[in-house]
Structures are given as C-alpha cells and as structure tokens.
Amino acid sequence: MQNQSDFEIKQLTLGDLIISVADCALEVTEDEDTAYEIASRVLVKLLESSAPGTGEELIAAYCSTVFH
C-alpha cells in the first residue's frame, strides 16, 4: 500500500486531460475517427464518475451546437 506522500499532485486543465486521453487513444488505433470516439467515451465516463449528470449535459450541449 502506498502513502499519500508517494504521489505527486499536479493540476491539469480540462484541455490537458483531453489531449492526454486523445493521445492515448491514438496510440491504440491509427484511425483518427476511432481514436476520437474512444477519447470522447473515456472523457464522458470520467466526467460522469466525478459529477453525475455532467456527461449527459455535455453531450446534449455538443449535439445542440453541431446538429442545429
């Protein structure tokens, strides 16, 4: 078991998180569309686990701007 002192805490922006997740997804697939689909699902899961309802709100907001 590790103590809290074994970890370094860094503050990241949402943009840093998005880039990191997208980069990881691009490492497992060479298809950009697939990588971005994977990244979007991971990000929604992360947001949803930290603040229930957030993922659905973000998807709704995105869909309303893209499809209208």
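When a residue number appears, it is its place in the shown sequence, counting from 1.
Nearest heavy-atom pair across Ala35 and Ala25 is O-CB, 3.2 Å.
Linking Ile, Leu, Val, Met, Phe, Trp and Tyr whenever their side-chain heavy atoms come within less than 4.5 Å puts Ile38 and Leu43 in one cluster. In the hydrophobic cluster analysis, where Ile, Leu, Val, Met, Phe, Trp and Tyr join through side-chain heavy atoms closer than 4.5 angstrom, Leu46 is grouped together with Ile18.
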Under the side-chain contact (heavy atoms from CB on, under 4.5 Å) criterion, do Leu17 and Thr13 qualify, and how do the steps go?
CA-CA 6 Å; Leu17 178 62; Thr13 66; over 6 Å; no
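With hydrogens and angles ignored, the 3.5 Å screen pairs no side-chain donor or acceptor of Thr29 with any backbone N or O of Leu26.
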